[in-house]
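These notes are about the structure you will find just below.
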Number of protein chains: 2
Amino acid sequence: MENIREIVQTMTRRIGLLNKNCCSIDGIDISVAQSHILYEISRHRQPSIQQIAELLGLDVTTFSRQVQTLVEAELVRKTPYPDDRRIQILSLTEKGESINRYIDEVMGSYYQDIFSHMTTFEQETVIRSLMLLNEAMAKTKQCCNPMGS
Amino acid sequence: MENIREIVQTMTRRIGLLNKNCCSIDGIDISVAQSHILYEISRHRQPSIQQIAELLGLDVTTFSRQVQTLVEAELVRKTPYPDDRRIQILSLTEKGESINRYIDEVMGSYYQDIFSHMTTFEQETVIRSLMLLNEAMAKTKQCCNPMGS
DNA sequence: CCTCTTTATTTGCATTTTGCAAGTATGAGC
DNA sequence: GCTCATACTTGCAAAATGCAAATAAAGAGG
């Protein structure tokens, strides 16, 4: 079997650079981390702080502060959840939506660019493969949470 | 076309968690970033500081300090390059090699675990697809191109 | 050999990010 | 009510970051 670690490492590094680019264009002045937060908030129904933090693999305290910054920048809104007022529901403001939409477009065009170097068949195969890999990783909880820790 | 950004984001997040785990086991006390540095140094012939920094998409000044830390931890060696003594060649010490080898084994077993949830055919398809994606990204000058690898 | 420019790396410093511990606020069970 | 669990925030101190400037070694032109 080929050296998977190397292949994956190369891939994630390149994707990382891709992500970096997305946020340093035009007048947009947010970090990569922040762009991911906007993205995740936009994709979930009434997400709480803890949910998104866990999703992103971040410490809750760190994330709480990042949210604070985004609230101050008027990109994100915190709304107490009526049924349990300890919980803060996150949502995007109009401005947050707009920036998120714009970044999404830019990222989309990057990916389109990348995929334009493949045949239609290859494109489909690659996408199916990534989904397959995702599923396989989802099934492998034990490797991501070793008991010895 | 499926939402590629979402698929890729999910994938890289999971890989990120995988990487995080690798370094907090046994008596090993290095960060994820450091493990990647060891890995890249081990995979290149006589790499300079600048080369690895660029490869990892890091600011040279930041990387210079990270190297310093690793030198102090006796995992990495800096050797002036004879033909141009401004350049520092990076290499792993015996201890650095050993830790890198160990992490590599652990990561390898993680990947083996993940791939065990697929058929042999799927495994091959996925690996070929990742390589294909890498090549496609390499061709896309616009965004994601570190040298080498 | 002496300057001027370029390149590779380091250092100073100020800002940002991080995460643990401890805090506040709310909810649930008895 | 009292106690415990949960969701989030804050205090701090350590670490990571990046720009500007310093150092150090080449290289070019005279």
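The sequence lines fix the lettering, A, B, ..., with proteins before strands; numbering per chain opens at 1.
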Could you tell me which residues satisfy side-chain contact (heavy atoms from CB on, under 4.5 Å) with A:Thr119, sequence neighbours excluded, listed by chain and number?
A:Phe121, A:Glu122
Transitive ILVMFWY cluster of B:Tyr39 at side-chain heavy atoms under 4.5 Å: who else is in it?
none
Using the test side chain to side chain donor-acceptor pair (under 3.5 Å), find all partners of B:Ser129 that sit at least two apart in sequence or belong to another chain.
A:Ser129
Set of residues satisfying side chain to side chain donor-acceptor pair (under 3.5 Å) with respect to B:Thr61, sequence neighbours excluded:
B:Asp59
By side chain to side chain donor-acceptor pair (under 3.5 Å) - contacts of A:Glu54 (at least two apart):
none
Atom CD of A:Gln68 and atom P of D:dA7: how far apart are they, to the nearest Å?
19 Å
Mapping A:Ser31 and B:Gln88 to their closest nucleotides on DNA chain C, which lands nearer the 5' end?
B:Gln88
Starting at CD1 of A:Ile87 and ending at P of D:dT6, how long is that distance when rounded to a whole Å?
12 Å
Any salt bridge (Lys or Arg N to Asp or Glu O under 4.0 Å) pairs touching residues 127-137 of chain A, not counting sequence neighbours?
none
Taking 5' to 3' order, which nucleotide of DNA chain C is first and which is last to have an atom within less than 4.0 Å of a heavy atom in chain A?
C:dT18 to C:dG27
Considering only Ile, Leu, Val, Met, Phe, Trp and Tyr, and joining two whenever side-chain heavy atoms are under 4.5 Å apart, list the other residues clustered with A:Tyr81.
A:Ile87, A:Ile89
B:Asn134: which residues meet the side chain to side chain donor-acceptor pair (under 3.5 Å) condition with it, sequence neighbours left out?
none
Could you check whether B:Arg13 pairs with A:Glu40 (Lys NZ or Arg NE/NH1/NH2 to Asp/Glu carboxylate O, under 4.0 Å)?
yes
By a strict heavy-atom criterion of less than 4.0 Å, which residues belonging to residues 34-58 of chain A are in contact with DNA chain D?
A:Ser48, A:Ile49, A:Gln50
Show me the pairs that pass salt bridge (Lys or Arg N to Asp or Glu O under 4.0 Å) and involve residues 71-84 of chain B, at least two apart or across chains.
B:Asp84-B:Arg86
Once each nucleotide of nucleotides 20-26 of chain D is scored for protein heavy atoms under 4.0 Å, what B/S/- sequence comes out, 5' to 3'?
B----BS
